[in-house]
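So the structure is just underneath, and the comments pick up after that.
Remember, it's a predicted structure, so these values are computed and weren't measured experimentally. Sequence lines set the chain letters: A, B, ... in the order given, protein chains first and strands last, and positions in each chain run from 1.
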Amino acid sequence: MEIDYKKIEEIIQRYGTEPEDLLMILQDISEIYNYVPPVLVPFLSQKLNIGESLIYGVATFYKTVSLEPKGKYMVSVCTGTACHVRGAEKLMDALENDLGIEEGGTTEDLEFSLEGVRCIGCCASGPVITVNKDTHGGLDRSTVLESIAQYKKSG
Amino acid sequence: MENRSSLEGHRKSLQDNRDSSEKRLISLCAGSGCGAYGTDKVYKILLEELEKQGLADKIEIKLTGCHGFCERGPLMVIHPEKIFYSRIQPEDVPEIVETTLKNGEIVTKLLFKDLGTKKKLETEAEIPFYKLQQRLIFGKNPMIDPRSIDDYITEDGYKGMEKALFDMKPDQIIDEIKTSGLRGRGGGGFPTGIKWATCAHHDGDRYVICNADEGDPGAYMDRSILEGNPHSVIEGMIIGAIAIGSKQGYIYVRHEYPLAVDNLTKAIDDARKYGFLGKNILNSGFDFDLKISRGGGAFVCGESTALMASLEGKPGRPKAKYVHTVEKGFRDSPTNLNNVETWANVPVILNMGADKYADIGTEKSKGTKIFSLVGKVVNTGLVEVPMGTSLRTIIFDIGGGIPNKRKFKAVQTGGPSGGCIPEMFLDLGVDFDELSKVGSIMGSGGMIVMDQDTCMVDVARYFVDFLKDESCGQCNPCREGLKRMLEILDRICAGDGVEGDIPVLEELGEMMQKFSLCGLGTSAPNPVVTSLLYFKDEYEAHIKDKKCPAGVCKPLFYYEIDADACKGCTLCAKKCPEIAIVGEKKKPHVLDNNKCVKCGICYEVCKFGAVKIM
């Protein structure tokens, strides 16, 4: 994959090369590539003047950053308490079956990743899932499949 | 704005405009809950329909933050009558425009029906869910477009800031907060005024921080405040900064709350444009600015020292608090951290006066508290009530009780640090001190209702599993204790529990409570400890009888159709994905346990209660 270094520099400039903004820089990079390509670690280390170990430390500590490729659509099943007692597990089962991947996995065509997340703050509408930034609420085994159908490639 | 009088002039002209406007106002909830049910589509069609029916210039639509009654979303309030429509589908919109907006009549099918009296209720004020609340913090949401600073100013916004800048000395502000009795809404309940005073007392570059890393699963009031009324938090922080003498503030908000980040970013930009942030605010000589930092999805970052480490760009690991953060916190400087709801209370206190504020609530817990009432309850949503309101009032009167004729079993309060409270304590008033007497806490306000179909061992296992993932791993008691607890609970839920598991769980819990480094670890065993206290029989059923009475732990139960109760409606057989149920119409059905995968569909769809958990 080609890395657009100009774009990365723009992201860093947005935050003013403050090492304190490392996490947000990594999150913004993820917005472009769906993950942080590990080749960028030495580059960031040099630009922000911080050790590669700290960058690895931060990238692996926080869940919103991944060093491994993720699908174009991130399907997140909320497993917060309210969704849990209303059957979030059943949504996860249905999605695992439908997408043919396990929780934490990514489809081979890099279209979908499936993960469980802890509470996205839509507790009253539970159980809910998010697909990238869209939220779908009040789901059950069958409606959850309808809600992700729209993201699938036609044909 | 150059100075105070230009702000006051601006507010007056906005209010005059509002009062003289002849347009009808529609307040459409665009909070996350309603959003998940499709507010976007309703809004789009509403705009088209108004255009089509020639009403576009006679109606003003406000896309507002959360109205609270999320269960009934999408919600709409039509002014001036305050007609309340709920569960609006896109196809209902033409009728609303035609019948209500054009002809001034009510669309009855969209009204809320009182479950007790079966009466259809026209306005919010009549609905028990709203009638029993006191919405000091949330009340203005339906009148404010969160992306409009003018809307906030119209509703007397930034008046508290004016007072703090021009009418009061920093000490007086702190005294006012002390008098109000405000305590930290994040769950700790530390008196806010004392915290401010201690921070102001230490020399250095002082910082104020808003903890918006709302991580408790099942709690979302902070999200809704940030999304729905971001200026109230900003104003609170400006007032705090004046009192403490801080020039820079940070809002640490979850990356998982994109709408909150967006609305907050816009609000900060607008506040800066209006001269409420930056140098020489309203020509008062006071400088203060705010920056947003997005958290990375680590529950432990809600702990103050971990949050500050994260703000510094490091992994968010807590430190031992030999020195308090008000003395040495962010960048080793005196730092005052409060949570979203606490900050949002500050302008309210300055506007209504500390004495009047202190009249609300109980002796030691003042003001109101927002609860996220979720789980197995009819009216889910955000509920703001005076401190001291009983659990029964919240769950049964406001919440409407338990759906589907099921029985109440417990309410989980305080998130992973809290506990499960059984029915016998439902008359306790909820405040900072009362719930801790029965082993739980009020915490940040999560209230997850559980019914007879919730397995308490599974819930304890759920929280331990959550915390095991979220433990930062620095200290042994928390890291290893949670792992061992989870192993035991996994075994119990799988039917492999042995005599002696319960004492080991109790011992592990005690060890973690005593020796963990931070609050996450010391409170981590609470869900297990309280469920053992009140629901030991369920643990014993799992271990000794190898039964899960609630029908959750799959290896420990099976379904059976009660031939006497079964009416032969065939619904279960039709819905069963494994074709495990057979039977003729109007004759009792039979379930083949060799084929059954225990998905529970038959149990949920049966209207006669004929599917039994064995």
Side-chain angles (χ1 to χ4, degrees), chain A residues 15 18-28 30-31 48 50 54-65 76 78-90 93-94 116-126 128-130 132-142 147, chain B residues 32-37 69-71 73 214-220 222-224 254-258 260 293-299 301 310-317 372-376 380-382 412 415-416 446 448-451 454 459 462-463 466 469-470 472 577 599-601:
Chain A
Y15 295 101
E18 285 273 350
E20 286 182 355
D21 293 318
L22 172 63
L23 176 57
M24 289 199 281
I25 292 170
L26 294 174
Q27 287 167 350
D28 284 5
S30 304
E31 294 265 307
L48 298 169
I50 47 177
L54 178 63
I55 299 177
Y56 274 110
V58 169
T60 51
F61 187 86
Y62 295 100
K63 274 192 215 91
T64 50
V65 178
S76 307
C78 180
T79 57
T81 326
C83 290
H84 176 76
V85 300
R86 284 192 177 188
E89 207 175 287
K90 291 167 184 169
D93 282 350
V117 291
R118 304 298 196 179
C119 198
I120 51 170
C122 271
C123 315
S125 328
V128 297
I129 66 164
T130 59
N132 293 347
K133 288 187 178 180
D134 303 340
T135 309
H136 304 271
L139 301 174
D140 59 33
R141 293 176 206 79
S142 51
S147 67
Chain B
S32 292
C34 286
Y37 285 130
F69 203 174
C70 311
E71 172 73 27
E214 184 175 52
D216 278 2
Y220 65 112
D222 291 350
R223 170 179 194 159
S224 295
R254 291 179 77 192
H255 187 65
E256 292 93 327
Y257 286 179
S293 185
R294 297 194 307 266
F299 176 70
C301 286
S310 182
L311 266 185
E312 288 167 2
K314 301 171 195 157
R317 295 198 181 95
S372 111
L373 184 63
V374 295
K376 306 282 189 71
T380 57
L382 292 174
Q412 207 282 341
I448 297 119
V449 181
M450 296 166 182
D451 67 2
T454 313
V459 167
Y462 165 81
F463 280 113
F466 171 88
D469 286 347
E470 298 297 341
C472 81
C599 68
I601 293 179

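- In this structure, B/Arg294 and A/Asp28 have side chains that are in contact, with non-hydrogen atoms separated by less than 4.5 Å.
- Contact count versus chain B (heavy atoms, under 4.5 Å) is highest, among A/Leu22, A/Thr130, A/Leu23, A/Thr60, for A/Leu23.
- Heavy atoms of B/Tyr257 lying under 4.5 Å from chain A belong exclusively to its side chain.
- Listed by chain and residue number, A/Leu54, A/Val58, A/Phe61, B/Arg317 satisfy the side chain to side chain contact (heavy atoms under 4.5 Å, CB included) test with B/Pro315 (two or more places apart in sequence, or in another chain).
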Legend entry - Criterion side-chain contact (heavy atoms from CB on, under 4.5 Å) on B/Ile601 and A/Lys90, from CA distance to verdict: CA-CA 11 Å; B/Ile601 293 179; A/Lys90 291 167 184 169; over 6 Å; no

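- Of the residues considered (B/Cys472, B/Pro416, B/Gly313, B/Ser32), B/Gly313 shows the highest number of contacts with chain A, using heavy-atom pairs under 4.5 Å.
- Partners of A/Glu20 under the side-chain hydrogen bond (donor to acceptor under 3.5 Å, both in side chains) rule, at least two apart in sequence or in another chain, are B/Arg331.
- Contact count against chain B (heavy-atom pairs under 4.5 Å) is highest for A/Thr79 among A/Val128, A/Thr79, A/Leu48, A/Ile55.
- Of the two parts of B/Phe299, neither the backbone nor the side chain holds a non-hydrogen atom closer than 4.5 Å to a non-hydrogen atom of chain A.
- Here the closest heavy-atom approach between residue B/Tyr220 and residue A/Ala124 is recorded as OH-CB, 3.2 Å.
- Between A/Cys119 atom SG and B/Glu214 atom CD the span is 7.0 Å, to the nearest 0.5 Å.
- Among A/Cys122, A/Gly87, A/Cys78, A/Cys83, the residue making the largest number of heavy-atom pairs under 4.5 Å with chain B is A/Cys122.
- With a 4.5 Å cut-off on non-hydrogen atoms, B/Cys34 does not touch chain A at all.
- Within the 4.5 angstrom heavy-atom criterion, atoms from both the backbone and the side chain of B/Ser293 approach chain A.
- For a residue to count as touching a neighbouring chain, one of its non-hydrogen atoms must lie under 4.5 Å from one of that chain's; by this rule B/Ala260 does not touch chain A.
- For chain A, the option among B/Gly600, B/Gly375, B/Gly296 with the highest count of heavy-atom pairs below 4.5 Å is B/Gly296.
- For the options A/Gly80, A/Gly121, A/Gly137, heavy-atom pairs under 4.5 Å to chain B are most numerous at A/Gly121.
- Interface residue B/Phe466: backbone and side-chain heavy atoms are both found under 4.5 Å from chain A.
- Proximity to chain A is limited to the backbone of B/Asp216, based on heavy atoms less than 4.5 angstrom apart.
- When the candidates B/Gly295, B/Gly381, B/Gly35, B/Gly446 are compared by the number of heavy-atom contacts under 4.5 Å with chain A, B/Gly295 comes out ahead.
- In this structure, the portion of A/His136 lying under 4.5 Å from any heavy atom of chain B is its backbone and not its side chain.
- Although no hydrogens or angles enter the test, the distance criterion places a donor-acceptor pair under 3.5 Å between the side chain of B/Arg223 and the main chain of A/Ile120.
- Within the 4.5 Å cutoff, side-chain heavy atoms of B/Glu470 are placed close to those of A/Lys63.
- Looking at B/Ser310, the atoms closer than 4.5 Å to chain A (heavy atoms on both sides) sit in the backbone and in the side chain alike.
- Formation of a donor-acceptor pair under 3.5 Å by the B/Gln412 side chain with backbone atoms of A/Ala82 is not found in this model.
- For the atom pair B/Tyr462 OH and A/Glu89 CD, the distance stands at 11.0 Å (nearest 0.5 Å).
- B/Ile448 contributes atom CD1, which lies 11.5 Å from atom CZ of A/Arg86 (distance to the nearest 0.5 angstrom).
- Not a single donor-acceptor pair under 3.5 Å links the side chain of A/Thr135 to the backbone N or O of B/Ala36.
- Under 4.0 Å is where a charged nitrogen must lie from a carboxylate oxygen, and between B/Asp469 and A/Arg118 at least one such pair does.
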